[in-house]
Amino acid sequence: MDFALTEEQTAIFDMAQAFGADHIAPHARDWEAAGTIPKQLWRDLADLGFGGLYVSEESGGAGLTRLDATLVFEALSQSCASVAAFLSIHNMCARMIDAYGSEDMRARILPKALTMETILSYCLTEPGSGSDAAALKTRAVRTNDGYALTGTKAFISGGGYSDAYIVMARTGDDGPKGISAFLVMDGAPGLSFGGLEDKMGWRSQPTRQVQMDDCQTSADTLLGEEGQGFKYAMAGLDGGRLNIAACSLGAAQAALDQTLAYMRERKAFGKPIDQFQGLQFRLADMEIDLQSARTFLRQAAWKLDTGAPDASTFCAMAKKQVTEVGSRVADQCLQLHGGYGYLADYGIEKIVRDLRVHQILEGTNEIMRLITARHLIG
Ligand SMILES: Cc1cc2nc3c(=O)[nH]c(=O)nc-3n(C[C@H](O)[C@H](O)[C@H](O)COP(=O)(O)OP(=O)(O)OC[C@H]3O[C@@H](n4cnc5c(N)ncnc54)[C@H](O)[C@@H]3O)c2cc1C
């Protein structure tokens with residue numbers, strides 16, 4: 001068993017970290033205030049191959065492993081978790097198109113998805129169904145030319161901003177087997193968006209409802225086969241959960257690094273605050289938590305890469321564990337900054353706000369426990 005990163009993996013991490021430090025970190029607060037991310041950033045990230053991290057090489061993607069991809073998200077989120085997580089959603093969708101789209105769909109969509117001229121969003125959640133996603137109500141009805149979709153998707157990251165949406169909709173009976181996946185292009189007749197959601201974190205990413213009213217799509221927008229959409233959506237989430245966990249890890253690591261530097265300088269009672277043993281123990285606990293979270297995350301990614309039968313359970317366990325560690329560490333870092341941690345200038349409060357949602361989306365951490373418990377009790 002070898003726990004070391006290869007030279008190539010270290011280079012991927014370093015490249016992503018350097019890109020983030022130069023091109024994301026200096027602007028992250030402005031983008032948060034603006035509530036949007038300039039689209040040129042995605043083109044620049046795509047130049048590094050980050051538009052299709054685990055899209056196969058035959059389809060023009062980077063063909064990286066899931067473990068490699070977690071390195072990219074861990075490194076980028078040291079600069080901004082909101083930006084890194086948005087890139088994860090696009091990558092999850094690009095992989096779904098590569099894995100399940102027809103040859104024609106791959107040829108039509110992937111080239112521009114890889115350059116991120118076409119930004120992709122993932123639409124599963126509805127106002128009435130989140131955790132119980134298979135209860136979704138959006139309907140897709142066959143027409144002469146393809147399908148007509150009617151329904152509302154809630155909380156869609158990139159809603160009204162992205163160029164194409166993977167929409168899970170019901171073509172059959174109740175339950176997961178009645179669900180199919182479609183690729184709906186921006187501008188499709190009958191497609192509209194709700195107002196911008198006002199959120200605690202991830203504020204640079206626009207989140208809106210995606211509304212479809214008799215939205216017309218051609219037959220070749222169906223991904224794979226009818227009735228398989230829920231399976232595709234869940235398979236996409238395995239990798240998505242790893243990436244979200246990696247985003248928590250990277251941002252929490254950045255918070256800890258910054259906190260160490262701060263504590264070296266900040267004095268109280270005549271000495272730097274990192275000289276108080278009570279605080280040193282808290283630093284040590286954070287380091288231990290982050291190191292074990294990292295190892296667990298990479299093990300889960302390795303399981304997904306090697307097709308282990310318990311890979312999905314490990315992805316769920318790692319998502320729960322790492323996102324909770326990440327939030328706990330970020331919160332502790334805020335505390336160790338005293339009042340300054342609460343000020344936007346120091347960047348820690350943004351990390352606390354951005355990481356909180358990682359315990360909620362891509363399946364809540366309660367659902368991650370449900371998956372784990374089902375695995376345990378059979
Ligand atoms: C900022 C943001 C961005 C998002 N982006 C997207 C996106 O791009 N695409 C997308 O499809 N969705 C997206 N989501 C939606 C997200 O995935 C859902 O919010 C999440 O799955 C939870 O669903 P819900 O909000 O309906 O909560 P509910 O399902 O109503 O859950 C409410 C509470 O009950 C708990 N609960 C529910 N069922 C059980 C159970 N069986 N056992 C124990 N506890 C349970 C939950 O854990 C939670 O604590 C986003 C959400 C947010 C906040």
Side-chain angles (χ1 to χ4, degrees), residues 28 30-42 80-94 96-97 109 112-113 116-133 135-140 148-170 181-217 221 229 233 236-237 240 243-244 247 350 353-364:
D30 291 343
W31 296 341
E32 180 171 72
T36 192
I37 301 165
K39 290 198 168 169
Q40 183 58 41
L41 179 79
W42 309 119
C80 177
S82 169
V83 168
F86 192 79
L87 183 70
S88 163
I89 297 169
H90 169 86
N91 270 277
M92 180 165 80
C93 294
M96 286 172 75
I97 294 168
I109 303 297
K112 287 199 168 168
M116 295 195 74
E117 285 159 273
T118 299
I119 298 168
L120 303 167
S121 281
Y122 176 94
C123 307
L124 179 64
T125 308
E126 299 188 354
S129 61
S131 300
D132 186 11
L136 65 83
K137 293 215 172 339
T138 296
R139 274 237 153 247
L149 275 64
T150 300
T152 299
K153 296 292 175 179
F155 293 113
I156 302 308
S157 305
Y161 170 89
S162 291
D163 305 290
Y165 300 86
I166 293 189
V167 177
M168 271 48 80
R170 192 163 296 288
F182 297 88
L183 184 73
V184 178
M185 302 304 291
D186 187 33
L191 178 70
S192 64
F193 305 98
L196 191 65
E197 304 289 3
D198 189 4
K199 312 189 292 294
M200 173 184 180
W202 277 27
R203 292 183 67 85
S204 57
Q205 290 187 29
T207 307
R208 292 187 180 86
Q209 285 195 344
V210 171
Q211 298 150 345
M212 289 150 291
D213 182 10
D214 203 23
C215 174
Q216 305 290 325
T217 63
T221 59
L237 278 180
N243 297 346
I244 283 297
C247 289
K350 176 177 181 300
R353 287 188 289 103
D354 281 344
L355 296 197
R356 184 61 183 84
V357 77
H358 298 186
Q359 297 179 52
I360 297 171
L361 43 68
E362 312 255 333
T364 66

task = Would you confirm whether Ser121, through its side chain, and Tyr165, through its main-chain N or O, come within 3.5 Å as a donor-acceptor pair?
result = no
inquiry  = Looking at Glu126 and Thr138, would you say the former's side chain and the latter's main chain have a donor-acceptor pair under 3.5 Å?
reply    = yes
ask   = Looking only at atom types and distance, does a side-chain atom of Tyr161 sit under 3.5 Å from a main-chain N or O of Ile37, one as donor and one as acceptor?
value = yes
request  = For residues Ala169 and Ala140, report the shortest heavy-atom separation together with the two atoms involved.
outcome  = CB-CB, 4.0 Å
Set of residues satisfying side-chain hydrogen bond (donor to acceptor under 3.5 Å, both in side chains) with respect to Asn243, sequence neighbours excluded = Tyr54, Ser88
task = Identify, with sequence neighbours excluded, every residue that meets salt bridge (Lys or Arg N to Asp or Glu O under 4.0 Å) alongside Asp198.
result = Arg203
ask   = With no hydrogens and no angle check, is any side-chain donor or acceptor of Lys153 less than 3.5 Å from a backbone partner on Met212?
value = no
inquiry  = Run the salt bridge (Lys or Arg N to Asp or Glu O under 4.0 Å) test against Lys199 and tell me which residues pass, sequence neighbours left out.
reply    = none
ask   = Any donor-acceptor pair under 3.5 Å linking the side chain of Gln205 with the backbone of Ser82?
value = yes
ask   = Quick one: side-chain hydrogen bond (donor to acceptor under 3.5 Å, both in side chains) partners of Thr150, sequence neighbours excluded?
value = none
ask   = Quick one: salt bridge (charged side-chain N to carboxylate O under 4.0 Å, His left out) pairs with a partner in residues 354-364, sequence neighbours left out?
value = Lys350-Asp354
ask   = For Glu32, which residues count as a salt bridge (Lys or Arg N to Asp or Glu O under 4.0 Å) partner, sequence neighbours excluded?
value = Arg353
ask   = When you measure from the side chain of Tyr122 to the backbone N and O of Ser157, does any donor-acceptor pair fall under 3.5 Å?
value = no
task = Specify the closest pair of heavy atoms between Trp202 and His358, including all atoms of both residues, with the distance to one decimal.
result = NE1-NE2, 3.1 Å
